[in-house]
Amino acid sequence: MSVRLSADFFQKHDTLTLSQLLLGCELVHESAAGRTAGVIVETEAYLWGDPACHAYRRQTKRNAAMFGPTGHLYVYLIYGMYYCVNIVGGPVGQGEAVLIRALEPTEGLDLMQERRDLNPKTLQPSLKTRKKPLAVKDLCNGPGKLVQAMGIRPEHNKVPLWESAIRVTPPVFTDFEMITTTRIGITQGAELPYRFYIKGNKYVSKA
DNA sequence: TTTACGATCCCCT
DNA sequence: GGGGATCGTAAAC
């Protein structure tokens, strides 16, 4: 029986709180190829009524997972090439989620490296090969990178964290300071302080 | 039906 | 520091 956060944990915290509580917890994927894991060191909240949120206008086919139960995953394609993963928050019917932006890798680093050398969408070998292996700090320091390194795929959209191959553990880092700042890569709602990361952690996408 | 664009990444200068 | 890759989605027409 693996250690993981329960449905109750997700239900009793609002999305903004979850974004902060998830820092220091470990994201784990037990796949056929092996286990990969990393500590969540950077998150962003996307809230109900927030113009940057994919659910801002209305429920659509793409964002449907955000309107479902908290603690499920929301996986979507970005820029036609990469995927990003969120943990759904908020009451059912309100589209809210926590974007996972960076992990400090802890298990399966070789597997992460292999996966990061593939085309993120097709999983075929990339046409151009890397000159050198990626540095450990570059394996999961961005939302597209960590999804690829962890082997998270579009078919993981809507899976619950409490009964799937993907789980989040209770905190493994507890002694840290948190930085609160503005979100990355958006135009609407750019001034809102909804980005959180572990101060001084070198696996954060952008300090 | 058409079109514009995005919660990114990587390589080049 | 800047631009290109690449395509599904949703808003506009």
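Quick caveat, the model's predicted, so the values are computed rather than measured. Side-chain atoms are counted along with the backbone in the values below, which use heavy atoms only and exclude waters and symmetry mates. In what follows, every chain begins at residue 1, and chains take the letters A, B, ... in the order their sequences are listed.
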d([atom1], [X]; [atom2], [N]) in whole Å:
{"X": "A:Ile100", "N": "B:dT8", "atom1": "CD1", "atom2": "P", "result": "14 Å"}
{"X": "A:Arg57", "N": "B:dG6", "atom1": "CZ", "atom2": "C1'", "result": "13 Å"}
{"X": "A:Ile78", "N": "C:dA5", "atom1": "CD1", "atom2": "C1'", "result": "13 Å"}
{"X": "A:Lys145", "N": "B:dC9", "atom1": "NZ", "atom2": "P", "result": "6 Å"}
{"X": "A:Gln59", "N": "C:dA11", "atom1": "CD", "atom2": "C1'", "result": "18 Å"}
{"X": "A:Gln148", "N": "C:dT6", "atom1": "CD", "atom2": "P", "result": "15 Å"}
{"X": "A:Leu146", "N": "B:dA7", "atom1": "CG", "atom2": "P", "result": "16 Å"}
{"X": "A:Asn63", "N": "C:dA11", "atom1": "CG", "atom2": "P", "result": "9 Å"}

Among the nucleotides [options], which one has an atom lying closest to any side-chain atom of [X]?
{"X": "A:Arg116", "options": "B:dC10, C:dT6, B:dA7", "answer": "B:dC10"}
{"X": "A:Lys121", "options": "C:dA10, C:dC7, B:dT8", "answer": "C:dC7"}
{"X": "A:Arg62", "options": "C:dT6, C:dT9, B:dC9", "answer": "C:dT9"}
{"X": "A:Leu99", "options": "C:dT6, B:dA7, C:dG8", "answer": "B:dA7"}
{"X": "A:Tyr79", "options": "C:dC7, B:dG6, B:dA7", "answer": "B:dG6"}

Original post:
Does A:Ile184 share a hydrophobic cluster with A:Leu22, counting links as ILVMFWY side-chain heavy atoms below 4.5 Å and allowing steps through other members?
Top reply: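 Different clusters.
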
Subject >> Single-linkage hydrophobic cluster, 4.5 Å side-chain cutoff, A:Ile87 and A:Tyr76 together >> reply: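 Different clusters: A:Ile87 never reaches A:Tyr76 through Ile, Leu, Val, Met, Phe, Trp or Tyr contacts under 4.5 Å.
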
**OP:** Using Watson-Crick or G-U wobble pairs with both distances under 3.5 Å, give me DNA chain B in dot-bracket, 5' to 3', with [ ] for crossers and | for pairs to another strand.
**Re:** ||||||.|||||.

Original post:
Of A:Ile184 and A:Asp138, whose closest DNA chain B nucleotide lies nearer the 5' terminus?
Top reply: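 Going by which nucleotide is closer to the 5' end, it is A:Ile184.
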
Original post:
Do A:Tyr76 side-chain and B:dA7 base share a donor-acceptor contact under 3.5 Å?
Top reply: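 Present.
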
**OP:** Check the angle between the aromatic planes of A:His29 and A:His156 and answer parallel, tilted or perpendicular using the 30° and 60° thresholds.
**Re:**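 The rings of A:His29 and A:His156 stand perpendicular, inter-plane angle above 60°.
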
Original post:
When all nucleic acid strands are considered with a 4.0 Å heavy-atom cut-off, which category describes A:Arg195: base, sugar-phosphate, or nothing?
Top reply: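 Nothing, no nucleic acid heavy atom in range.
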
Subject >> Chi angles and distances behind the side-chain contact (heavy atoms from CB on, under 4.5 Å) call for A:Met66, A:His54 >> reply: CA-CA 9 Å; A:Met66 298 183 88; A:His54 285 174; 3.9 Å; yes

Subject >> Lys/Arg N to Asp/Glu carboxylate O, A:Glu30 vs A:Arg167, below 4.0 Å >> reply: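 Salt bridge present between A:Glu30 and A:Arg167.
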
**OP:** Considering only NZ, NE, NH1 and NH2 on the basic side and carboxylate oxygens on the acidic side, decide whether A:Asp50 and A:Arg183 come within less than 4.0 Å.
**Re:**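 Salt bridge present between A:Asp50 and A:Arg183.
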
Subject >> Donor-acceptor contact present, side-chain A:Thr43 to main-chain A:Ser19, <3.5 Å >> reply: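 At least one qualifying donor-acceptor pair exists.
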
Original post:
Mind checking the C1' distance from B:dC5 to C:dG3? Whole angstroms is fine.
Top reply: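 About 16 Å, rounded to a whole number of Å.
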
